[in-house]
Amino acid sequence: RLPLIIAIDGPAAAGKGTLARRLAESLGLPYLDTGLLYRAVGRRMLDAGLDPATDAAEDQARRITLADLERDDLRVPAVDRAASLVASQQAVRTILVDTQRNFARAGGGVLDGRDIGTVIFPDAPVKLFITASPTARARRRWEQMAADLDAPDRAAQIARVAAELAARDAADAGRAVAPLRAAPDAVLIDTDAMTADEVLAEALRIVRSRT
Ligand code: C5P
């Protein structure tokens, strides 16, 4: 029997990470947040004083190890942008394909990203595409980041996050290589009106029906 691979894709802050982590835990599968790979490359570019849009990113991608993914400075706005810029480069993506496939080779896994169901594991038996409205995604991302949930300029802060998410999604969906896209055989889950528990329950139902 093949090790089970579950591919989870979708735009930024739709709830992929939360679902993927909980699904992996429930099913006893390894979990890989593939966005961390691109974030780690973006981080290395910024640290080296290099422009993330240049092809020096290929060289930095070769140096990535799983230890790079443990860094605690990968989820800052500058790295959001740098990750998206290095991720648009075919050479960078090619280098990271093996890392992702090898991760799940022996014991299967849950992987979340943008191209898991379309490029990395096109034969995965379970593919989920997680979406939520731009407003819901911006509010959730802001709640994760905000130091002060009662900030007087709360609305303006959320609007800023919404603009950043929209720009990154447009770049990720509009790029020539491995654009953000639902695989034809992916099941769509819109998480707008759902709690994290409900999303997990729905995903587990889909896994059972497909395995
Ligand atoms: O998922 P996360 O927001 O951490 O990903 C950061 C960036 O990495 C995304 O905006 C996207 O450009 C890139 N990415 C990708 N393919 C993946 C995962 C992430 O291109 N499988």
Side-chain angles (χ1 to χ4, degrees), residues 5-24 30-46 51-54 57-58 60-61 64 66 68-104 109-122 124 127-132 134 136-138 140-145 161-183 186 191:
I5 291 172
I6 300 178
I8 303 185
D9 293 302
K16 300 187 299 293
T18 303
L19 171 62
R21 194 175 316 105
R22 297 185 67 187
L23 201 51
Y31 165 50
L32 181 62
D33 172 353
T34 66
L36 288 179
L37 294 166
Y38 300 93
R39 288 177 179 276
V41 179
R43 179 79 257 174
R44 279 175 169 268
M45 292 294 280
L46 298 179
D51 176 352
T54 62
E58 179 177 355
Q60 297 299 324
I64 294 299
L66 290 179
D68 281 273
L69 311 189
E70 310 287 327
R71 291 181 60 162
D72 61 7
D73 53 1
L74 298 179
R75 293 188 192 282
V76 296
V79 175
D80 292 346
R81 290 186 289 273
S84 186
L85 288 169
V86 302
S88 71
Q89 301 179 38
Q90 179 65 69
V92 169
R93 306 197 72 88
T94 301
I95 289 163
L96 298 177
V97 165
D98 288 343
T99 314
Q100 296 170 78
R101 292 194 180 141
N102 289 336
F103 179 84
V110 180
L111 291 87
D112 76 334
R114 303 292 187 288
D115 65 336
I116 308 304
T118 51
V119 175
I120 305 299
F121 289 113
K127 299 181 187 178
L128 306 174
F129 194 84
I130 309 301
T131 60
R137 295 192 285 119
R140 287 181 198 155
R141 178 53 55 92
W142 175 78
E143 281 168 3
Q144 285 170 355
M145 300 183 325
V161 174
E164 282 165 10
L165 290 179
R168 192 147 61 93
D169 290 342
D172 290 344
R175 68 189 176 206
V177 287
L180 164 65
R181 196 150 296 166
T191 65

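Read the numbers this way: they start at 1 and go in the same order the structure lists the ligands and their atoms.
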Next on the checklist: Could you tell me, atom by atom, which parts of ligand 1 come under 4.0 Å of a heavy atom of Ala87?
Outcome noted: 12 (O), 13 (C), 20 (O)
Checklist entry - Among Gly10, Ala83, Ser88, Ala178, which residue places a heavy atom closest to atom 7 (C) of ligand 1? => result Ala83
Item to check | N or O pair under 3.5 Å between Lys16 and ligand 1 | outcome: no
Item to check | Arg181/Asp9 salt bridge by N-O under 4.0 Å criterion | outcome: no
Checklist entry - Should Arg43 and Asp68 count as an ion pair when the cut-off is N to O under 4.0 Å? => result no
Checklist entry - Would you say ligand 1 has an N or O under 3.5 Å from any N or O of Gln100? => result no
Next on the checklist: Is it the case that the side chains of Ser84 and Asp172 hold a donor-acceptor pair, with the cut-off being a distance below 3.5 Å and no angle test?
Outcome noted: yes
Checklist outcome for this item: Any heavy atom of Ser84 under 4.0 Å from ligand 1? The part involved is both
Checklist entry - Who gets closest to atom 20 (O) of ligand 1 by heavy atom: Arg93, Arg114, Arg81? => result Arg93
Item to check | Top protein contact for atom 14 (N) of ligand 1, by heavy-atom distance | outcome: Tyr38 CD1, 3.6 Å
Next on the checklist: Would the distance check show the side chain of Gln89 and the main-chain N or O of Pro52 forming a donor-acceptor pair, the cut-off being under 3.5 Å?
Outcome noted: yes
Checklist outcome for this item: heavy-atom search around atom 6 (C) of ligand 1 in the protein gives Arg168 NH1, 3.5 Å
Checklist entry - Is there a donor-acceptor pair closer than 3.5 Å between any side-chain N or O of Arg39 and the backbone N or O of Leu74? => result yes
Next on the checklist: Regarding ligand 1, does Arg39 bring an N or O atom to under 3.5 Å of one of the ligand's N or O atoms?
Outcome noted: yes
Item to check | Trace of the side chain to side chain donor-acceptor pair (under 3.5 Å) decision for Arg141 with Gln144 | outcome: CA-CA 5 Å; Arg141 178 53 55 92; Gln144 285 170 355; 3.1 Å; yes
Next on the checklist: Closer than 4.0 Å to some heavy atom of Asp115 - which atoms of ligand 1 meet that?
Outcome noted: 16 (N), 17 (C), 21 (N)
Checklist outcome for this item: among protein heavy atoms, the one nearest atom 18 (C) of ligand 1 is Thr34 OG1, 3.4 Å
Checklist entry - Within the structure, does Asp172 bring an N/O atom to less than 3.5 angstrom of an N/O atom in ligand 1? => result yes
Checklist entry - With respect to Ile116, which candidate in Ile6, Val110, Thr34 satisfies the side-chain contact (heavy atoms from CB on, under 4.5 Å) definition? => result Thr34
Checklist entry - Between Lys16 (side chain) and Ile130 (backbone), is there a donor-acceptor pair under 3.5 Å? => result no
